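What you are looking at is a predicted structure, and each value in this text was computed from that prediction instead of being measured. In listed order, ligands and their atoms are each counted from 1.
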Amino acid sequence: MAGTELFGDEERKEVMDVLETGVLFRYGHDSQRNGIWKAKTFEQEFSTYLGVKHTHFCASGTAADSLSLACCGIGYGDEVIVPPYTFIAPIEAVLLAGAIPVFAEIDETLCISPEGIEKAITPRTKAVLIVQVFGSMGRMDEILAVCQKHNLILIEDAAPALGGSYRGKMLGNFGKMSAFSFDYYKIITAGEGGAVATNDDELYDRAHKYSDHGHDHIGNARGAEQHPILGYNFRGSELGAAVVLAQLRKLPYMIEKQKSHQNILKQVLKEFPEIQMRHVPDEAGDSATFLSFFLPDADQATRVFDEFQKEDLSASYWYRNNFHYHRQWGHLKELKSIFNLPVMKMNNVPDYKNLQVPQSDDIMQRLMMTQIMVNWSEEELNTLASKMRSALKKAIK
Ligand SMILES: Cc1ncc(COP(=O)(O)O)c(C=O)c1O
């Protein structure tokens with residue numbers, strides 16, 4: 001992943017700034033901190049990058065999902081439409097909010113589809129949580145139109161697609177509130193960390209308060225603030241903000257490199273008429289972190305996966321993957337928790353054990369994905385391209 005490939009003096013310098021003041025906390029301690037405010041600086045630069053009015057740095061992407069739901073007023077008994085193809089974090093956040101995840105079909109964008117959303121709506125539906133999966137976007141115009149038609153809140157989890165855009169607007173700028181992650185496997189990383197983004201002043205006000213036990217952050221004297229609401233601790237630290245600030249400044253370079261590397265490998269795929277590319281509603285906005293494509297059927301897709309592995313090429317066959325698809329979520333199917341989740345006590349909740357998403361199953365069975373790296377040299381790229389060609393020749397019949 002780009003972020004971990006590019007750690008360097010820039011990250012070290014930002015971290016040292018913080019360690020030299022000794023103030024690891026993002027609020028207060030004005031006289032000790034020598035004007036060093038890494039979380040605030042990150043938020044200013046991140047808002048500018050995304051073109052949103054506000055961002056708030058927090059502890060993790062999962063915290064950002066929880067924060068988004070809480071700030072949008074989603075809680076006990078509300079239904080939230082979610083995709084069956086995602087890391088499970090946003091679904092856990094819905095459950096923890098006391099709300100009910102309702103699954104909808106994805107389409108060949110790999111994101112939740114507008115038709116799937118329409119079918120999943122009930123009188124209890126309050127929000128749609130779209131995950132912008134692995135570098136690219138859903139059919140945003142239609143999804144926004146469905147949400148508007150049914151008066152639903154759109155929450156955008158853009159954690160896997162930071163740096164992507166749709167028609168010139170950055171992903172993370174479409175939801176009423178959007179979530180990002182900076183965990184170790186994301187395009188920019190601080191090991192752990194997250195952020196929310198919004199254009200709504202009221203939602204931003206809720207976000208910074210809720211993620212710090214309801215403190216209002218008026219004045220900088222920590223003990224003197226008011227706490228008008230109950231909240232939680234979703235705070236991010238100055239150290240995390242320092243690292244992700246340095247990483248953010250490298251993001252345009254990462255995206256440019258990924259796009260150029262992805263394009264070279266895409267040309268190899270185009271030699272095979274059997275291969276169909278992932279549907280990307282705005283090609284120019286693909287962050288190009290991955291290259292995703294479909295084979296005509298599951299057999300050929302698994303053969304491609306096996307051949308890629310033999311050639312030591314990065315390969316993900318998400319249909320069988322342990323984390324990212326509903327088939328492997330035994331813990332969700334059985335609602336295995338360590339405490340009584342509100343959803344366990346509710347009537348008319350979806351049958352998670354027998355979740356039926358046939359369109360998503362068909363799409364996922366044909367899907368193959370390979371990861372794009374930033375630091376590949378021209379020579380490495382040429383070698384990868386020829387290994388890919390030979391693997392595809394062997395696998396496609
Ligand atoms: C779509 C999505 N949302 C949220 C998260 C959670 O992020 P974190 O690991 O920072 O809690 C992830 C992590 O992979 C993710 O892929």
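Without hydrogens or angle criteria, Lys259 side chain to Asp286 main chain gives a donor-acceptor distance under 3.5 Å. Within the 3.5 Å criterion, the main-chain N or O of Phe25 finds no donor-acceptor partner in the side chain of Glu238.
Contact atoms of ligand 1 toward Pro90: 3 (N) (distance under 4.0 Å to a heavy atom of the residue). Which parts of ligand 1 touch Thr86 is read off a 4.0 Å heavy-atom cut-off, strictly below it: atoms 1 (C). Within ligand 1, counting atoms from 1 as listed, the ones closer than 4.0 Å to a heavy atom of Val131 are 1 (C). Ligand 1 places these atoms under 4.0 Å from at least one heavy atom of Pro160: 1 (C). Against a heavy-atom cut-off of under 4.0 Å, Ser60 is close to the following atoms of ligand 1: 10 (O), 11 (O).
Under 4.0 Å from ligand 1, heavy atoms of Thr62 appear from its side chain as well as its backbone. Under 4.0 angstrom from ligand 1, there are no non-hydrogen atoms of Ala64. At a heavy-atom cutoff of 4.0 Å, ligand 1 is contacted by the side chain of Asp65 but not by its backbone.
One distance of note links OG1 of Thr289 with CZ of Phe134; it measures 10.0 Å at 0.5 Å rounding. To the nearest 0.5 Å, atom NZ of residue Lys149 and atom CD of residue Glu118 are 4.0 Å apart.
Of the protein's non-hydrogen atoms, the one nearest atom 5 (C) of ligand 1 is Ala89 CB, 3.6 Å. For atom 12 (C) of ligand 1, the nearest non-hydrogen atom of the protein is Phe87 CD2, 3.6 Å. Annotation: atom 9 (O) of ligand 1 to nearest protein heavy atom, Asp183 OD2, 2.6 Å. What sits closest to atom 2 (C) of ligand 1 on the protein, heavy atoms only, is Asp157 OD2, 3.4 Å.
With atom 10 (O) of ligand 1 as the reference point, the heavy atom nearest to it among Ala161, Gly61, Ala59 is part of Gly61.
Residue-to-ligand polar distances place Ser181 within reach of ligand 1: an N/O pair is separated by less than 3.5 Å.
For Gln371, there are no side-chain hydrogen bond (donor to acceptor under 3.5 Å, both in side chains) partners at least two apart in sequence or on another chain. Looking at residues two or more places apart in sequence or on another chain, you find a side-chain hydrogen bond (donor to acceptor under 3.5 Å, both in side chains) between Glu307 and Lys310.
Under a 4.0 Å heavy-atom criterion, Lys186 is in contact with ligand 1.
Figure legend: Arg26 and Phe57 shown without cation-pi pairing, the cationic atom not lying both under 6.0 angstrom from the six-membered ring centre and within 45 degrees of its axis.
Linking ILVMFWY residues whenever their side-chain heavy atoms come closer than 4.5 Å, directly or via other members, places Leu171 and Val146 in the same cluster.
In this structure, Arg139 does not pair ionically with Glu108, as no charged nitrogen and carboxylate oxygen lie closer than 4.0 Å.
Residue Lys250 is tested with Glu10, Glu5, Glu14 for a salt bridge (charged side-chain N to carboxylate O under 4.0 Å, His left out); the sole match is Glu10.
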